[in-house]
Amino acid sequence: MAGKKMKRILVTGAVGQIGSELTMALRKRYGAENVIATGRKTRPSDELRNSGPFYFIDVTRSETIEAVAKKHRIDTIFHLATILSAVGEKNPQLAWNVNINGLYNVLELAGKLDMVRVIVPSSIAVFGLETPRDNTPNETVLRPRTIYGVTKVAGELLGNYYFYRFGLDVRGLRYPGIISHKTMPGGGTTDYAVAIYYEAIKHRRYNCFVRADTRLPMMYMPDCIKAAIDLAEADLSQLKHHCDFNVGAMSFSAQELADSIRKYIPDFECTFEPDFRQKIADSWPCSVDDSPARKEWGWQPGYDLDAMTRDMLEALGKK
Ligand code: SER
């Protein structure tokens, strides 16, 4: 069973950090008219709006997704709409509603409309203080302390449940912090690893909200997009996991990140002033073991820290 082919794709959260770039990559691959971008509130960029269909929907209101899905005879959903860790701690009720009820609506709709596939990202936020922190195994203790992590664990379990119970082909991967230069992340704990580049270019200084020795797994956007598409297109018969793949790319401390920027901007200054996000970062792994992803669908990242820094500074310099 290779799994059916995706033809008409709907992306939720298409205006977000990952969604804005994933939508463009999918449009290139599947045809612009076949990739429907959706967002809730934020105005889409001209690029997103002018390159293919765009709709405003609210994932907590199923009928708003259903109307677009039926109109465009959608067979696949990339469900990226989510409330991230830092915003989630400020409004846990909202995080539960969007992350849990939103996913439930997407899965139910996908079943009802007999869709081919649902892709839903999970996160390193599923791990917690009792999890081994280095080279964190795929199968391990999942006891997160953030509401974001709680909803992501539930989301993985729910996705797997829909696969085994209803035969719906749901797939997901645990992203580390994602670094990119097109769209800012929307309120996560790993946002410092993006902001530091912007500030290095603009002001030659950055006040980082986690300690210098904070080490987290990270990934550059081109690898993030590749991972989503590779997993979505993988042969179903090769998958032993479904919604809970660890995916790694690089791991560095905030200090090492600043040092890497200093290789290109020698007068860059970084200070460290931890806030409430430090505790969240301290509950997450330093690095992950992603051997199941490598084995089952050939995962292979392309960027390390210095390659990413070169690319980020060049792209932001032009901006
Ligand atoms: N980047 C996310 C966050 O910090 C982790 O999935 O919330």
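Just so you know, ligand 1 is whichever comes first in the structure, and atom 1 is the first atom listed for that ligand.
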Distances for all N or O pairs of ligand 1 and the protein under 3.5 Å?
{"from": "ligand 1", "atom 1": "1 (N)", "to": "T190", "atom 2": "OG1", "distance (Å)": "2.8"}
{"from": "ligand 1", "atom 1": "4 (O)", "to": "S85", "atom 2": "OG", "distance (Å)": "3.4"}
{"from": "ligand 1", "atom 1": "4 (O)", "to": "T189", "atom 2": "N", "distance (Å)": "2.6"}
{"from": "ligand 1", "atom 1": "4 (O)", "to": "T190", "atom 2": "N", "distance (Å)": "3.1"}
{"from": "ligand 1", "atom 1": "4 (O)", "to": "T190", "atom 2": "OG1", "distance (Å)": "3.4"}
{"from": "ligand 1", "atom 1": "6 (O)", "to": "S123", "atom 2": "OG", "distance (Å)": "2.6"}
{"from": "ligand 1", "atom 1": "6 (O)", "to": "Y148", "atom 2": "OH", "distance (Å)": "3.1"}
{"from": "ligand 1", "atom 1": "7 (O)", "to": "S85", "atom 2": "N", "distance (Å)": "3.1"}
{"from": "ligand 1", "atom 1": "7 (O)", "to": "S85", "atom 2": "OG", "distance (Å)": "2.6"}

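A donor-acceptor pair is defined here as one N or O able to donate and one able to accept, closer than 3.5 Å; no such pair exists between the side chain of D75 and the backbone of V116.
Among residues at least two apart or in separate chains, side chain to side chain donor-acceptor pair (under 3.5 Å) pairs with a member in residues 83-95 are S85-T189.
Judged by the 6.0 Å and 45° rule, R277 forms a cation-pi pair with F209.
R27 and E33 are not joined by a salt bridge, as no carboxylate oxygen comes within less than 4.0 angstrom of a charged side-chain nitrogen.
Evaluation of the side-chain contact (heavy atoms from CB on, under 4.5 Å) rule for A110 yields M115, V118, L168 as partners, not counting sequence neighbours. With sequence neighbours left out, the side-chain contact (heavy atoms from CB on, under 4.5 Å) criterion links E199 to K202, H203, Y206.
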